[in-house]
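See below for the structure under consideration.
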Amino acid sequence: MKKMSVGVKHKALYLILFFATLGLDIGAGYLLPVNLATFYWLYPSVETICFLIIIYLAIRMGAFEEFVKKLRIKSFLFIVFFILLGIFLSALGKTLYFHLSAPLDYVWSNQGNVNNLQMIIPHWYGLFLLFLAGPIMEEIAFRFYIFRFFKHQWLGFIISILAFTYIHSGFSLVAFYYAGAGIALGLAYWRRKSVFESILVHIGMNLLLSFIVLPILW
């Protein structure tokens, strides 16, 4: 009975930390003043504080304690494989989106929000969010906490894909694109339960998709 109680407490803690991470990641922009001049310099400061809190909580929960022991040359080969898999599935999803959506509906809500945010914050900080802070916060939330919450890892894998897709697309047609990325990231984490590896995959995917794949497909 005591063991069951501890298990329930751990699950509740992972659930709370999942929503806390999402709230810290997404909430800063909604709580700040609308004034653009104030937002321009205040947003990076507040978001960076939120980012550091997320990292601190994840470290306390043991998210990164094994990454040095687990990191091998073979790991980098798998990281490259999952990056390429994610790019392939994302590109396939984007192609399906183009064929199924209205011709003028080529900028979806999440991308529109990202574009709008990039226009009102320092350019360097936008790159920091896209290629470092964003992948780290999302992998901690969608992979580390969700997989820890579920006893059956296959269920954690499915829920992580659905949650990741919903946050980015709301299950619109562009869900094809984000589901592809979610599958690759989920597999990257599931292989050895290393959030550090899934973070590297996420960063690699964002880099290649932003600078090579999406400009070609657009």
Side-chain angles (χ1 to χ4, degrees), residues 21-22 25-26 29 44 47 51 54 75-144 146-147 157-158 160-191 194-218:
T21 301
L22 285 185
D25 181 18
I26 301 172
E47 187 67 18
F51 173 63
I54 289 171
S75 301
F76 286 102
L77 296 178
F78 274 102
I79 286 169
V80 172
F81 168 75
F82 286 121
I83 289 173
L84 296 177
L85 176 64
I87 288 173
F88 171 75
L89 294 176
S90 297
L92 180 62
K94 190 170 182 106
T95 302
L96 288 172
Y97 171 73
F98 279 174
H99 284 291
L100 295 174
S101 63
L104 297 179
D105 190 26
Y106 280 179
V107 178
W108 52 84
S109 59
N110 181 70
Q111 186 61 48
N113 292 336
V114 171
N115 292 343
N116 292 335
L117 182 61
Q118 296 278 6
M119 293 171 58
I120 57 177
I121 63 174
H123 179 67
W124 65 267
Y125 196 77
L127 296 177
F128 169 72
L129 289 177
L130 181 59
F131 300 122
L132 185 62
I136 291 174
M137 291 188 287
E138 290 185 1
E139 291 311 301
I140 289 171
F142 293 114
R143 253 58 66 176
F144 181 70
I146 286 183
F147 271 84
F157 174 67
I158 293 173
S160 73
I161 296 171
L162 294 177
F164 180 82
T165 301
Y166 178 77
I167 288 296
H168 287 85
S169 69
F171 292 134
S172 62
L173 287 175
V174 79
F176 289 117
Y177 172 80
Y178 287 106
I183 290 171
L185 293 168
L187 290 173
Y189 178 82
W190 194 359
R191 188 178 79 89
S194 172
V195 72
F196 182 75
E197 292 185 18
S198 68
I199 287 171
L200 292 181
V201 172
H202 199 149
I203 291 172
M205 285 173 53
N206 279 8
L207 285 168
L208 291 180
L209 286 169
S210 297
F211 292 114
I212 298 176
V213 179
L214 293 186
I216 294 173
L217 289 178
W218 196 260

Task: Closest heavy-atom pair and its distance - L22, A141 - done: CD2-CB, 4.3 Å

Open item on the list: With a 4.5 Å cut-off on side-chain heavy atoms, are K94 and V174 touching?
Closed with: no

Task: Gap between atom CG of L129 and atom CD1 of I121 - 0.5 Å precision - done: 5.0 Å

Task: Partner set under side chain to side chain contact (heavy atoms under 4.5 Å, CB included) for F51, not counting sequence neighbours - done: I55, F128, A133, I136, M137

Task: Identified side chain to side chain contact (heavy atoms under 4.5 Å, CB included) partner of E139 from the options L200, I199, I203 - done: I199

TODO: Locate the shortest heavy-atom distance separating G86 from A184; write the atom from each residue and the value.
DONE: CA-CB, 3.3 Å

TODO: Using atom types as modelled and distance alone, determine if a side-chain donor or acceptor of Y178 lies under 3.5 Å from a backbone N or O of S169.
DONE: no

Open item on the list: Measuring only between side-chain heavy atoms, which start at C-beta, is F157 closer than 4.5 Å to L187?
Closed with: yes

TODO: Would you name the heavy atoms of A181 and F164 that are closest together and state the gap between them?
DONE: CB-CE2, 4.1 Å

Task: Pairs flagged by salt bridge (charged side-chain N to carboxylate O under 4.0 Å, His left out) wherever residues 170-186 is involved - sequence neighbours left out - done: none

Task: Atom of P135, atom of N206 and distance for their closest heavy-atom approach - done: CG-ND2, 3.7 Å

Task: Any side-chain heavy-atom pair of I212 and I87 under 4.5 Å - done: no

Task: Pairwise side-chain contact, L185 with M205, heavy-atom cut-off 4.5 Å (strictly under) - done: yes

Task: Atom pair CG (L127) and OG (S210), whose distance is rounded to the nearest 0.5 Å - done: 9.0 Å

Open item on the list: Quick one, Y177 and L209 - any side-chain contact, counting heavy atoms below 4.5 Å?
Closed with: yes

- [ ] Go through the structure and list residues passing side chain to side chain contact (heavy atoms under 4.5 Å, CB included) with S160, not counting sequence neighbours.
- [x] R143, I146, F147

Task: Worked check of side-chain contact (heavy atoms from CB on, under 4.5 Å) between D25 and E47 - done: CA-CA 7 Å; D25 181 18; E47 187 67 18; 3.6 Å; yes

Task: Any E197 side-chain heavy atom under 4.5 Å of F82 side chain - done: no

- [ ] Would you please name every residue forming a ring-ring contact (aromatic ring centres under 6.0 Å, His included) with F131, sequence neighbours left out?
- [x] F211

TODO: State whether the side chain of S198 and the backbone N or O of V195 hold a donor-acceptor pair below 3.5 Å, judged by distance alone.
DONE: yes

Task: Contacts of F81 that satisfy side chain to side chain contact (heavy atoms under 4.5 Å, CB included) - sequence neighbours left out - done: L85

Open item on the list: I'd like to check F142 versus I161 (side-chain heavy atoms, cut-off strictly below 4.5 Å). Are they in contact?
Closed with: no

Task: Sequence neighbours excluded - salt bridge (charged side-chain N to carboxylate O under 4.0 Å, His left out) pairs with any residue from residues 165-182 - done: none

Task: From CD1 (I183) to CD1 (I158), nearest 0.5 Å - done: 10.5 Å

Open item on the list: Suppose we screen for side chain to side chain contact (heavy atoms under 4.5 Å, CB included). Which residues come up paired with L84, at least two apart in sequence or across chains?
Closed with: V80

Task: T21 to I54 - nearest heavy-atom pair and separation - done: O-CD1, 3.6 Å

